[in-house]
Each structure stands twice: as structure tokens, then as C-alpha cells.
There are 2 protein chains.
Amino acid sequence: MVLLAYPFLMESRELRYFVAVAEELHFGRAAQRLNMAQPPLSRAISLLERRLGAELLLRTSRSVTLTEAGTVLLREGRAALDAMEAAEHRTRRAALAAAGRPGLVLATKAGASGELLAKLLDAYAADPGSIRVDVVLCAPGEQERLLRNGRADVAILHQPFDDTTGFDTEELLTEGQIAVLPAGHALTTRENLRLKDLTDVEDLPAPRWPGPDGTYPAGPGPEVHSHTQLLQLISLGRTLMVAPDSCRSQLRDDVVAVPVTDAPEVTTVIAWPPQSRSRAVADLGRTSLRLRSLPDQAPRRPVMMATAGPAWPRAAGAPQG
Amino acid sequence: MVLLAYPFLMESRELRYFVAVAEELHFGRAAQRLNMAQPPLSRAISLLERRLGAELLLRTSRSVTLTEAGTVLLREGRAALDAMEAAEHRTRRAALAAAGRPGLVLATKAGASGELLAKLLDAYAADPGSIRVDVVLCAPGEQERLLRNGRADVAILHQPFDDTTGFDTEELLTEGQIAVLPAGHALTTRENLRLKDLTDVEDLPAPRWPGPDGTYPAGPGPEVHSHTQLLQLISLGRTLMVAPDSCRSQLRDDVVAVPVTDAPEVTTVIAWPPQSRSRAVADLGRTSLRLRSLPDQAPRRPVMMATAGPAWPRAAGAPQG
DNA sequence: CCCATCGATACCTACGAGGTATCGCTCATG
DNA sequence: CATGAGCGATACCTCGTAGGTATCGATGGG
């Protein structure tokens, strides 16, 4: 039996079009996002619908909504586009490596696990045969995306917040969580807290982070987009936050940490795509294994990091060597 | 920050072209497979290379080989194309379901776990709200592919043979393995065997199954493409096989089963793509859970199955209801 | 040494992706 | 209830490019 060619009709271009429309629920805005005019977009979508034999969108002249099939195609289509993008990035990276400029891109959440990460990178750098590691700091939850679309080779994820299905992982650290509160607030007198003590605190409404679409959820709390900003807002007595224990080391003097006893334990893991059997990734994984059984304080050098939002301009990276 | 459109260049068409060439390592044959002429294929590939900024293939006028980058793109590209195809199939299936013709496609290895599967399907069919299940019998190892490219919603896989990374799974059965030998063969006098007793048995060389590319590996054993054929060859004293314990029930009288004590245990699992939170799949998963704690012999009806090779013509399905 | 094999190049054609103009429907507004 | 703004669909045109044919040039076998 001979292996045949893939027989499906869909082109990735059409899928990009559909995903744009499905996310915007508006042909005009989607067309703008795609840098094209609205009519060809309308045509492409209805052609796609005819070829799939499935209604994807319900349009009136006032609104666009997804059908069942459309919802499925949005989810599956995003995954497929991520995979396409990943193929492209990983190939480019492999070509660079073959051309003598090997490198790893590690994605981690901005403002998390600084200590741990620095130790890991130092230990890896000490490995003979280790290569340059570029660190990309991204918004909470963005790491997973970068790993899925190939912009990163490895990521530091936090269970149970990030979805690690489909990745190989190595546990790095499990820890409890603390509440970070303004110094002097009534709650700071407590030895420890429970989650329900922290919901609906009148004068400290939970902060609101932007979603992946850039919009903020509704609510009374302040809108935030960085941790420094959040800490400042806490110290000003405007909000509070619940975070893993290890972030204590990064707190300012004007905020107070109180353990939250019933918050879920947070496990920091290092994750990579399963078939990525590159030596470098394997080495890094092995390093992280070794790290857990190592004496605690190795000599530390400062670690330079590059920041990168989820936007498209390539993430600049600082050498780790 | 606004969610932007996917900015990559690669079209799935180009990727299909590359995968075809990379698998054939021959532009002419690849072009045939793609139903096109060779020159535009050559052009498309070199254009792809220029746009990726990466050499993918090393060509002489006598041979084509993959570079490092090409190897990466072959692996990643296959995954991406599977994802594209999956998006298409799952969308079509969702549309059918929305149109009142819901159905599940379950992939399983031909000639494996008949008992277990029949029980599972019966139990599920007894569930109120259960829907039609089409069973696709495929060549060993093909189930995984069907699940990844969306032609199946659920699959019966066998650890450690099949790769379940990226799937949600539910364990069904763990069992040892047996050697199936011609009746009367010297080895059948043994109470049990070890793996090394079975390698290099002069008169019973291991059978050779076709790989995914349709070619047979080299070796002394006979070429086989079905289990019936294999059993016949065993009964003729030409070969042997090692298989999970449960296949005993399907053996003919002229072959003998002997336990292999050091063969790895085989775990039969039911698997599905993780985000596929359709009610039907969830029900089936729950049914399989219940099954493990159930009394053994429920009344059984015969189960009709459709066969399907890995080739493209749509798998026909027989209703389960 | 010559021919078979195979990928690359040159050149042409035609399909379809994408643009502009405009229509037709729906709802908010006074 | 009339009007206009907003939005998707339709009509029509243009041009880029995917794909075909013919042929070249390199390489290795007989």
C-alpha cells in the first residue's frame, strides 16, 4: 500500500481568514486585521462553508455568531495554525543550528520564579556543550502559546494554571500560595488566610488582567498589565493578589505577604514539545532533574532577560553564556 | 493589545508538497503522487526554501537527501498537516451532528480486543442518549494516525506500542503476552518462554509487516498484511508471533499459545484528543470506567464492523444500534 | 563514450485571489 | 414612520502566480 498525498481541500490561508472572522465576529474588522478588503473575505468564507458542506457562521446584517461547527473549527483551526507556525519556526531554528548558530528559546512568565530560573540557567550554562539560551518573558498564560506555535523551545509553566497536555514536563518546584496585601491593612494582622477571606474584600477588589484579546473583564478592581504596576497598586491599598510563595523575594517593603492555607499548590514545571528530541532540550531537562537533588546555593551571576509581549515583532534575546 | 492575524508565510499546499518530496526523496515520484508535473513542484520547493531561509533538501542529479532543517520540517509538517486535516474532519462531523446525524468514529486495530470492545460498545449503546458508533478497523499503529488527523474521534491503543502523548486516555485492560506457535513445534512443549527463546528461531523467522510507506523491511520471515494470513502462516509452520493474552480466544486449533514471561505487559487504553469535550466522547470514557468495575458477562450481541485500510477512500461504517 | 535518469530553467496560459463600487437588509433615531 | 448609518453580499474587473510543456545540463551506469 502506497502512502498517498494529503487529500483535503482546506488551505491555511482560508483557515486564517476564518479564525480572524470567528474571533472578531465582524467581517469588517477581521478584514482590517488581515490587511484586506471585506468583500473577498466574505467570499472566501462562504466558499469555505460550501466546500466543507457546513454552516460555520450565522449572519444577519447586524451580527455574526458561530454555529456548532464553527466553534469546532475555531478550536481545531487555531491548533492547526499553531502547528503550521511551529513547523516554520522550528525549521528556521534548526537551519540556524545547522549553520553553527544554535540556540534555545525559553519562555517564562514575567516576574515569576526568578531565583529558580537563574539557578537552572546557570547550571545548564556550566554544562559542557550547552548552547545559548534566549529567555522570553511573557504575559501570564502566554508561555503555553509560544511553546505550541514554535516561538519557544522550552517553557516554564505553572500547574494548575497552564495547560500542559501534549507536552513532556519535568517538575521543578511545588509550593503554597500567599496573599500580597498593603502594609497596615486589617487582614495583615492574621497569621494566615483562607481563599474566602480574600474574595469580596470591599476595599481590595481583585485586579483585572487583559485577556488574550487585549480587553479587560468587567469588575470593580483596577486594570493592570504588569507586576510592578500591580505591586504599586497593592502598596497604594487599591487591590491584592494571590501568588506562589517564591514571589516573596521580589516584594517591596510596603506590602505584606500572608500564607493562604487553602489555595491550590502551585507546581512549577519545565515543559517542551514531546517529539523535540534535540540534544539541547534534553540537556536542559536533565539539568533541571539534577537541580532538584542539588545543594541549594550555587554561586550566582546576574541574568539578563529580554522582555517580549505576545505581539509579533521577534522577541529579542540576551545571550546566556 | 490587540490579537493580530497569524503572520507566517507558509501555505499548507507548500507543506504538502514538501512532505511528499521528503517522503519520496524523488521529485518525479512526489509530483506523480501530488497529481502534478515535476517542474512546478521543483519551483515550489525552492521557493519555500528561499522564503524560510533554510536549505531543506540536498539534491544532486542522482539523489535527494534531507538536511537537518528538512528533517525537522518533515516531522513538524506532518503534525501540522494532520492538524489541518483534523480540523476539517471534526468540523464536518460537528456539522453532521448539528444537523441531527450525530456519530462517533472509533478506530481499533484489526483483530485485537474483540471481546473487550464488544462489551464496551454494548455497554455504551445501553446508555440513554448514546449515539451511533462507527468502528474502523485499521492496520497496527494506524489508529494513532486516525486520531491525530481527525478521521476518528476515539481509538483503542496499546501501550507501549502506540504513542499516546497528547491524548487523554482511560485504561481498559493490562495483560501479559503469549507466543503463538505451530502445533507440534518443539517450543510448544515448554510451560512458558522468554523473549530470547523466540528471536532467531531457525525455522520460525519473525513475520514482516509493511511499514507506513507500504514497503517491507528486509529479513528472512514471510511478508504479511493481515492477521488471518499470519495465523495461517503460523499453522503452516512458517513463522510465529507474540501477542497480548486476550488474542487466545481468536486462535485456530492448529496453533498453540505459550506464555512469554518477560514480554512487556500490554495495556489497552481508550484514547481521545484532549480538548474534544463532546458529550459523546465523555460518555464513552465514562462507560469504559464503569466497565472495569462491572460483573464480567453481560449479554452480548454480534458486532458488525467495517474495515478500512490507511488509504484515503472514506471509511464506511456499520451502525451500532 | 553514450545514453538514461533526474532536477532545474524558460516560457506560456489560465484560474482565482483580491480590489472597487454598489446593493439590500436591519435597526436606531428623531 | 421616514431616514441614514452600519454591515454583509453581489457584480465586475485586474493581475499575480500556480501549474503545464519543452528543454537543458549534470551525473553515473553499461
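Numbered from 1 within each chain, the chains take letters A, B, ... in sequence-line order. All values reported here derive from a predicted model rather than from experimental measurement.
- Nucleotide D/dT17 holds its C1' atom 12 Å from the CD atom of B/E11, rounded to whole Å.
- The distance between atom CG of A/L47 and atom C1' of D/dA9, rounded to the nearest whole Å, is 14 Å.
- If you take CZ of B/R43 and P of D/dG16, they are 16 Å apart, rounded to a whole angstrom.
- Side-chain contact check for A/L52 versus A/L73: some heavy-atom pair is nearer than 4.5 Å.
- For B/T60 and A/A37, each mapped to the nucleotide of DNA chain C holding its nearest heavy atom, the one lying further toward the 5' end belongs to B/T60.
- Atom P of nucleotide C/dG7 and atom CD of B/E49 are separated by 13 Å, given to the nearest angstrom.
- Across the interface with DNA chain D, nearest-nucleotide mapping of A/S63 and B/S61 shows A/S63 to be the residue nearer the 5′ end.
- Considering only side-chain N and O atoms, B/S42 lies under 4.0 angstrom from the phosphate OP1 or OP2 of C/dA8.
- Residue A/V64 has its side chain nearest to D/dG8 when only D/dA9, C/dG18, D/dG8 are considered.
- Between B/R59 and B/E49 there is a salt bridge, since a side-chain N of the basic residue sits under 4.0 Å from a carboxylate O of the acidic one.
- Closest approach to the B/R62 side chain among D/dG28, C/dC25, C/dG18 is made by D/dG28 (side chain taken as heavy atoms from C-beta onward).
- Applying the 4.0 Å criterion to OP1 and OP2 of C/dA8, one finds that B/R59 has a side-chain N or O inside that range.
- Nearest heavy atoms, A/A69 versus A/A54: CB-CB, 4.4 Å.
- Protein atom CD of B/Q38 is 6 Å distant from nucleotide atom P of C/dG7, rounded to whole Å.
- As rounded to whole Å, 13 Å separates atom P of D/dG8 from atom CG of A/L58.
- A salt bridge does not link A/E23 with A/R29: none of the charged nitrogens is closer than 4.0 Å to a carboxylate oxygen.
- We find that CG of A/L41 is positioned 16 Å from C1' of C/dT20, with the value rounded to whole Å.
- Within 4.0 Å of B/R13, counting heavy atoms only, lie sugar-phosphate atoms of the nucleic acid but no base atom.
- A/V105 places none of its side-chain heavy atoms less than 4.5 Å from the side chain of A/R151.
- Atom CD of A/E14 is separated from atom C1' of C/dA17 by 11 Å (rounded to the nearest Å).
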